[in-house]
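Each chain gets a letter, A, B and so on, in the order the sequences are listed, and its residues count up from 1.
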2 protein chains.
Amino acid sequence: MSGAGIGGLDMHAWLVRRLERGGHLEEVDRHALFALPLQRRFVAARTDLDGGQGLHLILSGLACRYETEPGGFRRIVSLYFPGDLCGSGSLFSFGRPGSVKTLSAGEVADISIHALHSLVEAHRGVERSLGWLTLIELGIAQRWLVNAGRDAERQIAHLLCEIVTRLRATGCRECEAFATGIRQAVIADITAISLVHVNRVLHALQDADRIRLVKGVITIPDLDRLAAFADFDPGYLHLPDQVGPSQLELGLLRGPSFPDGRNSVAL
Amino acid sequence: MSGAGIGGLDMHAWLVRRLERGGHLEEVDRHALFALPLQRRFVAARTDLDGGQGLHLILSGLACRYETEPGGFRRIVSLYFPGDLCGSGSLFSFGRPGSVKTLSAGEVADISIHALHSLVEAHRGVERSLGWLTLIELGIAQRWLVNAGRDAERQIAHLLCEIVTRLRATGCRECEAFATGIRQAVIADITAISLVHVNRVLHALQDADRIRLVKGVITIPDLDRLAAFADFDPGYLHLPDQVGPSQLELGLLRGPSFPDGRNSVAL
DNA sequence: CGCTTTGTTGAAAAGAGTCAAAGATCGTGG
DNA sequence: CCACGATCTTTGACTCTTTTCAACAAAGCG
């Protein structure tokens with residue numbers, strides 16, 4: 001039961017692969033990363049991840065950073081997919097505002113702030129890579145800002161493109177994301193469009209044959225077409241080379257098995 | 001003739017002060033920063049700053065990062081005040097999307113990517129501080145995302161609070177920002193609210209006695225009251241301790257003098 | 001098999017965008 | 001010193017997207 005939602009790689013390898021995209025990891029850095037203590041655990045949907053101060057590596061499932069408004073509304077400001085690092089982000093003296101919670105059941109690997117500090121102190125390349133991840137998250141946030149100025153249909157279409165693209169890069173099947181973590185309410189909380197209208201817009205997108213909507217599960221028959229409609233250009237995500245079908249066929253996609261043997265959702 | 005829009009400090013001191021907020025600068029780091037070659041220059045309003053690849057330290061005036069949409073609209077995703085660093089952000093292999101341009105005339109100090117790389121290589125504390133600046137910019141972007149979900153009146157009020165607060169932290173008089181860099185069109189491009197509606201909302205805010213609007217210049221009679229209305233909490237800006245009246249009286253606020261002797265706008 | 005969560009619909013109201021045009025302001029050059 | 005042109009601001013009238021309110025249907029889970 002490897003429970004590897006992220007492709008059969010063990011979690012350290014996944015961590016290395018994530019940070020390596022910064023392009024600056026030395027062999028010693030990689031070794032140190034493999035030696036980093038990771039606390040693996042299962043988490044239910046809608047659970048706050050941020051009890052402590054460390055970072056969390058998402059192994060399977062979906063998480064988000066959100067803030068709760070005075071009115072009680074939840075505003076999601078970041079999405080985290082398998083392979084992403086999230087947390088209070090405190091390499092510095094202050095934590096980040098908001099909280100991190102799961103959107104679906106899944107697995108995470110916790111990195112203690114302690115271990116992280118030692119690692120970073122000894123390995124500059126790792127610190128640099130972490131900074132690079134922050135820069136990417138900034139790029140995404142700013143892309144969302146740009147997006148926020150457009151009509152609901154394009155905005156939601158763009159979001160769907162991003163989700164599918166990031167999901168593909170993890171090696172997971174896209175449909176399952178929509179089946180589990182991405183409720184319409186989540187789309188509403190990200191885009192600040194009312195839930196009712198999200199629903200209507202999704203149906204409009206379906207009527208235009210841009211997405212398919214079956215029992216609440218969204219599928220995208222032609223990503224390029226949707227991307228063209230939404231002006232989606234994946235450059236800002238800085239993903240590694242597309243995961244080819246080869247990887248998709250390698251049985252990478254099994255969902256996590258829960259300790260009790262119950263087999264849960266894939267994403 | 002110092003032309004110090006940012007408080008009589010020379011530009012190196014200003015740079016150090018900025019990075020120091022990360023809290024990790026050693027004495028050697030500071031020395032290295034003072035030795036960093038800074039190319040000071042005057043820039044007109046509406047000028048692209050990003051010819052090269054380096055960073056720019058704003059000395060006076062206002063700048064922004066923006067992206068141009070397919071439709072031709074400009075969406076501003078970041079504001080830069082005196083003392084802020086901006087640029088392509090490339091400590092890494094890729095640049096940031098979008099461009100940086102000035103919103104008002106002012107002065108900047110250019111840091112070549114070359115000098116920056118050497119500096120950062122030799123001084124970890126500096127690199128860390130830069131990462132910290134990125135994290136702050138991320139926090140601001142995400143705050144803007146949260147903000148984007150609220151009604152226009154609160155959204156604009158919140159933006160005004162942020163502008164005044166950041167401006168005060170630079171030691172500049174707030175009103176002058178509104179007089180020069182912050183056109184209503186800028187507010188529109190940040191908030192994605194139509195220019196016409198921005199105008200109406202500003203008048204509504206004035207009618208509610210939350211701001212004052214004289215000849216297109218916005219003043220805020222009571223920041224606390226406006227902040228309460230907008231749910232503005234400056235924590236996310238991570239500003240240093242408030243600039244006291246003492247600093248405001250020290251003649252810090254003279255605007256830059258242009259080479260031709262013409263005295264330009266203060267901010 | 002009842003309960004909770006999610007998805008779907010309709011009708012009415014409000015907020016915001018668009019279009020079009022007229023005042024203001026400011027820098028500039030004559 | 002004044003006039004001109006470019007940039008900004010302000011207004012009115014109209015349209016339309018999006019929200020809100022209020023139910024109801026479906027699906028998943030214990």
Given the options Val186(A), Ile190(A), Ile193(A), Leu159(A) meets side chain to side chain contact (heavy atoms under 4.5 Å, CB included) only with Ile190(A)

- Is there a side-chain contact between Asp189(B) and Tyr66(B) (heavy atoms, below 4.5 Å)? no

Side-chain contact check for Ser194(B): nearest option of dT18(C), dT11(D), dT5(C) is dT18(C)

Taken to the nearest whole Å, CG/Leu202(B) to C1'/dT9(D) is 10 Å

Expected list for residues 66-79 of chain B near DNA chain D, using heavy atoms below 4.0 Å, is none

Rounded to whole Å, the CD-C1' distance (Gln184(B) to dT7(D)) equals 12 Å

Out of dT6(C), dC8(D), dG17(C), minimum distance to the side chain of Arg183(A) belongs to dT6(C)

When rounded to whole Å, the CG to C1' distance for the pair Leu213(B) and dT9(D) reads 9 Å

Touch class at under 4.0 angstrom, heavy-atom based, for Ala204(B) against every strand present | nothing

(request) Indicate, with a heavy-atom threshold strictly under 4.0 Å, whether Ala188(B) touches base, sugar-phosphate, or nothing. (result) nothing

Between Leu223(B) and Arg168(B), the two heavy atoms sitting closest are CD2-NH1, 3.6 Å

**Message:** If you compare every side-chain N and O of Lys215(A) against the phosphate oxygens of dA27(D) (OP1, OP2), does one of them come in below 4.0 Å?
**Reply:** yes

Expected string for nucleotides 10-15 of chain C under the B/S/- scheme (protein heavy atoms, under 4.0 Å, primed atoms plus P, OP1, OP2 as sugar-phosphate) is BB----

Heavy-atom side-chain contact between Leu59(B) and Val108(B) under 4.5 Å: no

Ile193(B) CD1 to dG17(C) P, in whole Å, measures 7 Å

Going through the checks in order, is the side-chain contact (heavy atoms from CB on, under 4.5 Å) test met by Phe81(A) and Thr165(A)? CA-CA 11 Å; Phe81(A) 292 85; Thr165(A) 304; over 6 Å; no

Verify the contact: side-chain N or O of Asn199(A) to OP1 or OP2 of dG7(C), cut-off strictly under 4.0 Å; return yes or no. no

In His56(A), Arg166(A), Glu137(A), the residue satisfying side chain to side chain donor-acceptor pair (under 3.5 Å) with Tyr80(A) is Glu137(A)

Separation of dT19(D) atom P from Arg150(B) atom CZ, nearest Å, is 16 Å

Side-chain touch Leu202(B)/Leu160(B), heavy atoms, less than 4.5 angstrom: yes

* Passes salt bridge (Lys or Arg N to Asp or Glu O under 4.0 Å), Glu69(A) versus Arg75(A)? Steps please. -> CA-CA 7 Å; Glu69(A) 286 226 62; Arg75(A) 298 299 330 273; 5.1 Å; no

Glu153(A) CD to dT18(D) C1', in whole Å, measures 13 Å

Only residue of Glu162(A), Gln142(A), Arg143(A) satisfying side chain to side chain donor-acceptor pair (under 3.5 Å) with Tyr236(A) is Glu162(A)

Separation of dC8(D) atom P from Asp189(B) atom CG, nearest Å, is 11 Å

note: Leu103(A), atom CG; dT6(C), atom P; distance rounded to Å ~ 11 Å

